[in-house]
Asker: 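Below you'll find the structure I mean.
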There are 2 protein chains.
Amino acid sequence: MQFSKSTDYALHALIHLTLSEKDGHIGIKELAHTLGVSVSYLSKIMSKLRQDGIVRAVPGVNGGYELARPADEITFLEVIQVIEGREQLFECSNLHSQQHQLLSEEMAEVHLPKHRGSECLVKKVMDGAEEQLHQYLRQHTIQAVVDQALNRQHGFTSKK
Amino acid sequence: MQFSKSTDYALHALIHLTLSEKDGHIGIKELAHTLGVSVSYLSKIMSKLRQDGIVRAVPGVNGGYELARPADEITFLEVIQVIEGREQLFECSNLHSQQHQLLSEEMAEVHLPKHRGSECLVKKVMDGAEEQLHQYLRQHTIQAVVDQALNRQHGFTSKK
DNA sequence: TCTATTATGGATATCAAGTATCTACAATGT
DNA sequence: ACATTGTAGATACTTGATATCCATAATAGA
C-alpha cells in the first residue's frame with residue numbers, strides 16, 4: 001500500500017509550475033529535467049493533469065504548461081485522485097461468504113428483511129479511515145506548500 | 001492505491017476467531033471455508049498474524065488458531081501493518097533533483113548550512129496524512145466491530 | 001510409540017499494475 | 001512552410017499481489 005511515483009512527480013511538477021508562473025509556459029523538457037525523470041514518462045502524467053483541468057497545455061513554439069486554476073484551489077486530494085484513480089481504498093471481497101453475511105446481511109435478513117444490502121462492518125471502519133485521509137488531503141493545497149517554501153527562504157535570509 | 005485482499009481476509013478471520021472464542025481452537029479449514037478462500041492462501045496470512053503475536057497456532061489433532069490477546073487490544077492499524085508492511089505511504093523519489101532541493105536542502109544550504117537533510121515539504125504533507133490515517137485505525141479494534149455486530153443482532157431481536 | 005491431524009515454509013505459477021521508453025502524429029507561432 | 005512542442009498509441013520491463021502445491025514438523029489421542 002503506497003502512493004505511486006507518478007503521484008510524487010505530479011505534485012512536484014505542479015509546485016514547479018506555481019513557482020514559475022510569472023515566466024509564462026514551462027516546457028516539458030525543463031519540467032522533466034528539474035524533476036529528474038524522462039520526458040516521455042512525465043508526458044503521460046501531465047496529460048492526466050490536463051484532462052482533469054488542473055493544467056493547461058499549449059503546443060507549438062514557446063508552448064508548454066501552465067496552471068489552469070490558482071494554486072490555492074488545487075488540493076492534494078484532487079491531484080492524488082487524478083493520478084491514482086478514484087477507487088475506494090478498501091473493497092470487501094467476502095461478499096458471498098458466510099462471514100460477510102454474519103456481519104451484515106444475514107442478521108438483517110433474519111430479523112429485518114428490508115435491511116438488505118447493508119454494508120460489512122469491516123468495510124464501514126475502513127471507509128471511515130479513507131474519509132479521514134481525504135479530509136486531511138482536501139485541506140492542503142499546492143499554494144500552501146509553495147508559501148511554506150518561500151516563507152522558509154524568507155525567514156533564512158532575514159535572519160542573516 | 002488500495003489495501004490488498006489479504007488484509008481483508010486477515011480482518012475477517014480475526015473477527016471469526018473472536019466470535020468463536022468459546023469454542024476453543026478454530027481449524028484453518030473451517031476458517032478458509034467461512035471466508036470463501038483457499039486453505040493454502042489463508043495459511044500464509046495466518047502465519048503472518050502468528051509471527052506478530054496476534055494469534056496463537058496449535059498443530060496436531062484438534063489444533064487450530066486462537067487469539068493471542070484480547071480482541072480489544074488488537075487494532076485495525078496493527079493488523080494492516082502486519083499484512084501490508086510498515087513502509088511509509090509516500091516516498092519522495094526526487095531526492096537528488098533540483099526540485100527537491102528547492103523545497104528543502106538547497107535553501108537550507110544557501111542560507112543555513114547546518115540545516116541539511118531537512119525533508120521535502122511535499123513529503124511532510126503526505127506524512128501528516130498518513131499519521132491522520134494511523135490515528136483513526138489505532139482507535140478501532142476488532143472487539144469494537146464484533147460488539148457492533150452483536151448489538152445490531154440484539155437490537156433486531158428485541159424489536160420483534 | 002504409532003498414526004491421523006494440523007500448521008509451517010519453500011517453491012512456483014499467474015496476473016495486474018506501475019514504471020519507462022520510443023515513435024508517429026497534431027497543433028501552434030514565427 | 002518549418003521548427004518546436006505536446007498527444008496518443010504501442011510496447012517492454014519489473015514488481016507485487018494472488019494463489020496453489022508439496023514436503024516437513026509438531027501434536028493429541030489410541
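Order of the sequence lines fixes the chain letters, A, B, ..., with proteins taken first and strands second; residue numbering starts at 1 for each chain.
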Asker: Residues in ring pair (Phe, Tyr, Trp, His ring centres under 6.0 Å) with H140(B), at least two apart?
Answerer: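 By the ring pair (Phe, Tyr, Trp, His ring centres under 6.0 Å) rule, H140(B) matches Y136(B).
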Asker: Taking only residues two or more places apart in sequence, or in another chain, which ones meet S20(A) in a side-chain contact (heavy atoms from CB on, under 4.5 Å)?
Answerer: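 Once residues adjacent in sequence are excluded, the partners of S20(A) under the side-chain contact (heavy atoms from CB on, under 4.5 Å) criterion are H16(A), D23(A), I26(A).
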Asker: Starting at atom CE of M46(A), determine the distance to atom P of dA8(D), rounded to an integer number of angstrom.
Answerer: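 Nearest whole value for this atom pair: 13 Å.
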Asker: Just grab all the side chain to side chain donor-acceptor pair (under 3.5 Å) pairs involving residues 65-83 of chain B, residues at least two apart or on different chains.
Answerer: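 Checked against side chain to side chain donor-acceptor pair (under 3.5 Å) - neighbours excluded - the pairs reaching residues 65-83 of chain B are R56(B)-E66(B), R69(B)-E78(B).
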Asker: I need the residues from residues 73-84 of chain B with at least one non-hydrogen atom less than 4.0 Å from DNA chain C; give them sorted by number, or say none.
Answerer: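 Heavy-atom contacts with DNA chain C come from no residue of residues 73-84 of chain B; none.
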Asker: Taking atom P of dG6(D) as reference, at what distance in whole Å does atom CD of E30(A) sit?
Answerer: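 After rounding, the reported distance stands at 10 Å.
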Asker: Rounded to whole angstroms, how far apart are CE on M1(A) and P on dA17(D)?
Answerer: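 Value for this atom pair: 11 Å.
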Asker: Between C1' on dG16(D) and NZ on K48(B), what's the gap in Å once rounded to a whole number?
Answerer: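 Distance check: K48(B) NZ to dG16(D) C1' gives 11 Å.
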Asker: Give me each pair satisfying salt bridge (charged side-chain N to carboxylate O under 4.0 Å, His left out) with a member in residues 35-44 of chain B, each pair once, sequence neighbours excluded.
Answerer: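 Listed by first then second residue: nothing to list.
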Asker: Which residues pass the side-chain contact (heavy atoms from CB on, under 4.5 Å) test with A10(A), sequence neighbours left out?
Answerer: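 side-chain contact (heavy atoms from CB on, under 4.5 Å) list for A10(A), sorted by chain: I45(A), L49(A), V79(A), I83(A).
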Asker: Return no unless some side-chain N or O of Q2(A) is found under 4.0 Å from OP1 or OP2 of dG16(D).
Answerer: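 Result: no.
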Asker: Give me each pair satisfying side chain to side chain donor-acceptor pair (under 3.5 Å) with a member in residues 45-54 of chain A, each pair once, sequence neighbours excluded.
Answerer: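 Every pair satisfying side chain to side chain donor-acceptor pair (under 3.5 Å) with a residue in residues 45-54 of chain A: there are none.
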Asker: Do side-chain atoms of T18(A) reach the backbone of L14(A) as a donor and acceptor pair under 3.5 angstrom?
Answerer: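 Flag set: sc T18(A) to bb L14(A) pair under 3.5 Å.
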Asker: Respond yes when some side-chain nitrogen or oxygen of S47(A) is under 4.0 Å from OP1 or OP2 of dT7(D), and no when none is.
Answerer: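 Yes.
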Asker: Under the side-chain contact (heavy atoms from CB on, under 4.5 Å) test, which residues partner V61(B), sequence neighbours left out?
Answerer: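 V61(B): no side-chain contact (heavy atoms from CB on, under 4.5 Å) contacts found.
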Asker: Using whole Å, what does the distance between atom P of nucleotide dT5(D) and atom CD1 of I28(A) come to?
Answerer: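 The answer, rounded to whole Å, is 12 Å.
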Asker: Considering residues at least two apart in sequence or located in another chain, which fulfil the side-chain contact (heavy atoms from CB on, under 4.5 Å) criterion with E21(A)?
Answerer: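 Partners of E21(A) by the side-chain contact (heavy atoms from CB on, under 4.5 Å) criterion, ordered by chain and then number, come out as L67(A).
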Asker: With sequence neighbours excluded, what pairs up with Y41(A) under the ring pair (Phe, Tyr, Trp, His ring centres under 6.0 Å) test?
Answerer: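 For Y41(A) the ring pair (Phe, Tyr, Trp, His ring centres under 6.0 Å) partners, ignoring immediate neighbours, are Y9(A).
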Asker: Return the nearest nucleotide to the side chain of K29(A); candidates are dT5(D), dA8(D), dA17(D).
Answerer: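 Taking heavy atoms from C-beta onward, the closest nucleotide is dT5(D).
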Asker: Using the 3.5 Å cut-off, write out each protein N or O paired with an N or O of nucleotides 19-27 of chain D and the distance between them.
Answerer:
unit_1  : atom_1 : unit_2 : atom_2 : d
dT20(D) : OP2    : S38(B) : OG     : 2.4

Asker: Could you check how far CD of E91(A) sits from C1' of dA17(D), rounded to whole Å?
Answerer: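 So the two atoms are 16 Å apart, to the nearest Å.
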Asker: For the pair K123(B) (side chain) and F90(B) (backbone), establish whether a donor and an acceptor sit closer than 3.5 Å, ignoring hydrogens and angles.
Answerer: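 It does hold such a pair.
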Asker: Go through DNA chain C in 5' to 3' direction and return only the first and the last nucleotide with some atom under 4.0 Å of chain B's heavy atoms.
Answerer: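 Range of nucleotides within reach of chain B: dA4(C) to dA11(C).
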